[in-house]
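The block underneath contains the structure these notes are about, expressed in structure tokens.
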Protein chains: 2
Amino acid sequence: MTTSANGRRRPPTIHDVAREAGVSRGTVSRFLNGGHYVSPAARRSVEAAIRKTGYVVNRHARSLSTGRSDSVAFLLTEPQEKFFEDPNFNVLLRGCTEHLARHDIPLLLMLAATDDDRRRLTRYITSGHVDGVLLVSSHSGDPVAAELRAAGMPLVACGKPMGLGSKVSYVAADDRDGAREMVRHLLDAGRRRIGMITGPLDTPGGTDRLAGYREVLAEAGLPYDPALVAEGDYRRAGGEEAARRLLSRAPDLDAVFVASDLMAQGVVNALHQLGRSVPDDIAVGGFDDSAAATAVTPALTTMRQPYDRISAEMVRMLLAQIAGEDTAGVILPTELVVRDSA
Amino acid sequence: MTTSANGRRRPPTIHDVAREAGVSRGTVSRFLNGGHYVSPAARRSVEAAIRKTGYVVNRHARSLSTGRSDSVAFLLTEPQEKFFEDPNFNVLLRGCTEHLARHDIPLLLMLAATDDDRRRLTRYITSGHVDGVLLVSSHSGDPVAAELRAAGMPLVACGKPMGLGSKVSYVAADDRDGAREMVRHLLDAGRRRIGMITGPLDTPGGTDRLAGYREVLAEAGLPYDPALVAEGDYRRAGGEEAARRLLSRAPDLDAVFVASDLMAQGVVNALHQLGRSVPDDIAVGGFDDSAAATAVTPALTTMRQPYDRISAEMVRMLLAQIAGEDTAGVILPTELVVRDSA
DNA sequence: GCCGGTACTGTGCACGATCACAGAAACCGG
DNA sequence: CCGGTTTCTGTGATCGTGCACAGTACCGGC
């Protein structure tokens with residue numbers, strides 16, 4: 001006698017509830033979906049029957065019938081470590097979860113580190129399990145995006161996609177303008193030998209911030225010196241390493257614009273170890289205004305990326321696409337946050 | 001004229017493929033599921049038809065028919081930041097993903113930070129969208145676990161559950177024995193004033209490691225001094241802070257056993273700032289053997305948790321449960337890794 | 001008493017797959 | 001050429017829902 005009181009394993013169906021409540025399946029179904037056109041008496045007995053049977057709706061059957069799944073994927077097409085380390089990513093993820101929660105839509109995080117994962121998850125997504133996809137990928141010429149769009153899947157990317165022809169909706173911060181403002185801030189503070197540690201230069205975010213840096217230097221009549229620029233990878237350790245490279249090439253730097261706070265944290269550590277004081281010897285400007293900005297001493301002057309607005313906008317656009325509307329790209333402004341490092 | 005060549009939006013069904021290939025639905029279905037009893041000629045024309053129509057199986061229909069969903073949830077019932085920071089969590093997650101991939105099963109990561117999220121996701125899970133759940137939660141008297149088990153959902157927890165009556169299968173490292181081995185190692189090195197920074201003491205992992213520490217001290221005839229013990233939260237910053245507390249109370253410590261490498265990293269930083277050298281003044285023993293162990297100088301002596309085996313075991317047990325078998329708890333041994341810090 | 005309208009209820013079909021089953025075709029040994 | 005097995009194929013029935021639709025009951029107004 002191992003099985004419990006109910007010998008059957010089959011979960012209760014809407015039919016069981018209907019029988020228990022003494023009404024028809026249709027009435028139960030109406031009750032479940034808003035409850036319009038259900039008499040108070042029927043409503044009460046259905047409620048009781050649901051409690052008694054422990055009924056939960058079978059989402060496969062519902063989805064098959066309606067064509068919707070009422071869930072959304074958050075797809076990460078790169079190794080998760082890189083993003084999990086970044087406080088901003090957590091803010092973005094949390095924001096998307098919360099905004100979707102208002103519509104009672106669960107968010108499924110899918111991690112695709114390998115090509116094999118990508119294939120498996122692409123198939124999973126296109127086979128109807130989600131209504132739409134929020135995509136995060138720094139190398140955003142991502143074939144996955146094109147593939148999902150081709151399958152007619154609603155999709156919004158975080159960050160400007162690389163290929164312009166792909167017609168992928170996106171939400172991004174204004175990288176170029178943000179970089180301009182930060183470099184101008186450094187110039188206004190009297191700095192003249194300003195270096196930069198960029199993000200990966202095969203991504204739009206990486207190149208746009210570099211472009212802003214170069215523009216402002218040119219406008220100020222300062223020469224562009226490639227020796228003052230080092231490429232980083234948005235990670236803490238990468239920033240530390242890039243700072244060492246940069247200072248060995250150009251010991252006379254008086255400021256560095258670093259394309260992410262996480263890297264800037266590494267930069268500040270490296271400068272301390274090299275005996276340079278921040279900001280007296282060298283000013284450091286970050287980017288993101290992530291938790292890393294205030295976790296370091298001195299606290300970072302940085303460009304705030306409006307991650308709360310970005311997640312809100314991504315969700316809004318995705319729901320619009322799911323509802324059948326077309327959406328385009330959105331670029332949101334950044335904001336200078338002056339603290340102690342510059 | 002905004003729509004593309006095919007005016008309809010309806011994705012192709014198995015029926016469309018069958019018609020295109022000149023065979024019946026049954027034959028296409030057999031082809032899709034292993035391909036037994038399908039003649040070579042039929043096979044070829046079905047393959048061609050699938051390519052031509054761009055057919056992908058509708059998983060809702062399949063799941064409705066089979067009762068399976070061929071996907072698994074990885075449920076995190078606490079704020080993600082805490083776990084995402086931990087390199088071990090990434091190893092565990094990656095391991096589960098890979099082991100499931102061998103069975104072609106996608107893993108869906110579900111984050112439940114709030115009670116609201118927990119309700120939503122519990123409903124989502126019990127309504128049939130996944131075949132089983134891998135649960136990670138440090139406060140593992142988790143009501144979610146009990147609820148899912150009550151609904152008959154296969155479930156394996158990472159870490160020993162708090163309530164013994166809950167009958168939840170789990171996989172855990174041998175915390176008590178690991179702690180014993182580390183403290184014995186510190187004693188063997190001649191240390192006598194050994195402090196400890198624990199994990200949260202409302203979790204089994206936290207109390208078991210503390211128990212091991214106390215046992216070995218007692219066996220060595222050393223007194224247990226509560227002033228030498230501080231409670232931490234497994235996070236880097238928490239370790240740093242706990243170390244300061246500990247040293248202000250007991251400046252004559254000659255060793256600390258820290259219940260996680262991430263905290264130990266913070267401890268080493270704090271000790272450096274306080275002018276103590278590691279391991280000469282104070283030896284530091286960690287726990288986990290995570291990436292943090294080698295990211296710090298000196299590299300940490302630590303207890304390795306076999307995360308690759310843990311993930312393998314969790315997946316194996318979950319699949320067994322899905323197949324209808326019963327599984328119990330599994331405790332895996334840890335291993336002392338001697339490096340420079342102790 | 002008939003009318004139109006509103007509130008409510010039940011029936012049957014559709015969704016897109018799997019699966020059991022029956023029957024056809026092919027093969028094979030005697 | 002027969003009976004028996006194996007291989008292959010198509011035809012319903014089925015899974016649990018939502019939804020369109022038909023139908024009932026009640027109500028107020030002329």
Side-chain angles (χ1 to χ4, degrees), chain A residues 8-47 49-50 53-71 123-124 126-129 131 151-152, chain B residues 8-47 49-50 53-71 123-124 126-129 131 151-152:
Chain A
R8 55 166 192 166
R9 268 273 156 262
R10 186 177 70 84
T13 73
I14 202 172
H15 190 90
D16 298 325
V17 175
R19 188 154 28 78
E20 179 70 34
V23 299
S24 75
R25 296 163 13 241
T27 300
V28 179
S29 176
R30 275 187 295 270
F31 170 85
L32 292 172
N33 303 303
H36 297 301
Y37 293 109
V38 180
S39 70
R43 182 183 309 272
R44 275 190 302 274
S45 51
V46 170
E47 276 168 352
I50 287 177
T53 55
Y55 170 79
V56 282
V57 59
N58 180 323
R59 292 184 81 113
H60 293 302
R62 169 178 286 176
S63 294
L64 180 58
S65 187
T66 61
R68 291 173 293 111
S69 72
D70 297 315
S71 63
R123 208 180 343 137
Y124 188 79
T126 54
S127 64
H129 253 300
D131 293 338
Chain B
R8 54 163 195 168
R9 270 271 156 264
R10 186 176 70 83
T13 73
I14 201 172
H15 190 91
D16 298 325
V17 174
R19 189 154 27 80
E20 179 70 34
V23 298
S24 75
R25 293 159 18 236
T27 301
V28 178
S29 177
R30 276 186 294 270
F31 170 84
L32 292 172
N33 303 307
H36 297 301
Y37 294 110
V38 178
S39 70
R43 182 182 309 270
R44 274 191 301 275
S45 50
V46 170
E47 276 167 352
I50 286 178
T53 56
Y55 170 81
V56 281
V57 58
N58 180 322
R59 293 183 80 114
H60 293 302
R62 168 178 287 175
S63 295
L64 179 59
S65 187
T66 60
R68 292 172 293 111
S69 71
D70 298 314
S71 62
R123 207 178 346 135
Y124 189 79
T126 53
S127 64
H129 252 301
D131 293 338

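Keep in mind that this is a model prediction, so the values were computed, not measured. Letters go in sequence order (proteins before strands), and every chain restarts at 1.
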**Request:** For A:R30, report the nucleic acid contact type (base, sugar-phosphate, nothing); a contact means any heavy atom under 4.0 Å.
**Result:** base
**Asked** Roughly how far apart are B:H15 NE2 and B:E20 CD, rounded to 0.5 Å?
**Response** 12.0 Å
**Fill in**
Among the nucleotides D:dG10, C:dT18, C:dT9, whichever has the atom closest to the side chain of B:S65 is C:dT18
**Request:** State which of C:dT18, D:dG18, D:dG10 makes the closest approach to the side chain of A:N33.
**Result:** D:dG18
**Asked** To the nearest 0.5 Å, how far apart are OG in B:S63 and CG in A:N58?
**Response** 9.0 Å
**Message:** By the 4.0 Å heavy-atom rule, please label A:F31 as base, sugar-phosphate, or nothing.
**Reply:** nothing
**Asked** Are any of A:S29's side-chain N or O atoms less than 4.0 Å away from OP1 or OP2 of D:dG18?
**Response** yes
**Whole angstrom value for the distance that separates P of C:dA17 from CG of A:N58** = 16 Å
**Request:** State, with a plain yes or no, whether a side-chain heavy atom of A:V23 is found less than 4.5 Å away from one of A:F31.
**Result:** no
**Request:** Would you mind reading off the distance between B:H60 atom NE2 and D:dT14 atom C1', rounded to a whole angstrom?
**Result:** 19 Å
**Fill in**
Here the gap from A:R59 atom CZ to A:R62 atom CZ, rounded to the nearest 0.5 Å, amounts to 7.0 Å
**Request:** Compute the angle between the rotation axes at the two ends of the helix from C:dG1-D:dC30 to C:dG30-D:dC1, each taken over five pairs, rounded to 10 degrees.
**Result:** 40°
**Asked** Rounding to a whole Å, what distance do you find between B:I14:CD1 and D:dG12:C1'?
**Response** 15 Å
**Fill in**
Judged by nearest nucleotide, the residue sitting upstream toward the 5' end of DNA chain C, A:H36 or B:H15, is A:H36
**Prompt:** Atom CZ of B:R62 to atom P of D:dG16: distance rounded to whole Å?
**Reply:** 18 Å
**Asked** Nearest-Å distance, CG (B:L64) to P (D:dG16)?
**Response** 7 Å
**Request:** With the side chain of B:T13 defined as its heavy atoms from C-beta on, choose the nearest nucleotide among C:dT9, C:dT18, C:dG16.
**Result:** C:dG16
**Request:** Find the distance B:Y37:OH to C:dA24:P and express it as a whole number of Å.
**Result:** 19 Å
**Prompt:** Any idea how B:H60 and B:H129 line up, ring-wise: parallel (<30°), tilted (30 to 60°), or perpendicular (>60°)?
**Reply:** perpendicular
**Prompt:** From D:dG18, C:dT18, C:dT9, pick the nucleotide closest to the side chain of A:V38?
**Reply:** C:dT9
**A:R68 CZ to D:dG18 C1', straight-line distance once rounded to whole Å** = 9 Å
**Complete:** Of B:A61 and B:G26, the one whose closest nucleotide on DNA chain D sits nearer the 5' end is B:G26
**Asked** Base, sugar-phosphate, or nothing for A:R25, non-hydrogen atoms under 4.0 angstrom?
**Response** base
**Message:** Measure CZ/B:R19 against C1'/D:dG10 and give the value in whole Å, please.
**Reply:** 16 Å
**Asked** Out of D:dG10, D:dG18, C:dT9, which nucleotide sits closest to the side chain of A:T66?
**Response** D:dG18
**Message:** A:L32 vs A:V46, test: side chain to side chain contact (heavy atoms under 4.5 Å, CB included). Steps then yes/no.
**Reply:** CA-CA 9 Å; A:L32 292 172; A:V46 170; over 6 Å; no
**Request:** List the atom of A:T126, the atom of A:A151, and the distance in Å for their closest heavy-atom pair.
**Result:** CG2-CB, 3.8 Å
**Request:** Determine the minimum heavy-atom distance between B:S69 and B:G128, stating which atoms define it.
**Result:** CB-O, 3.8 Å
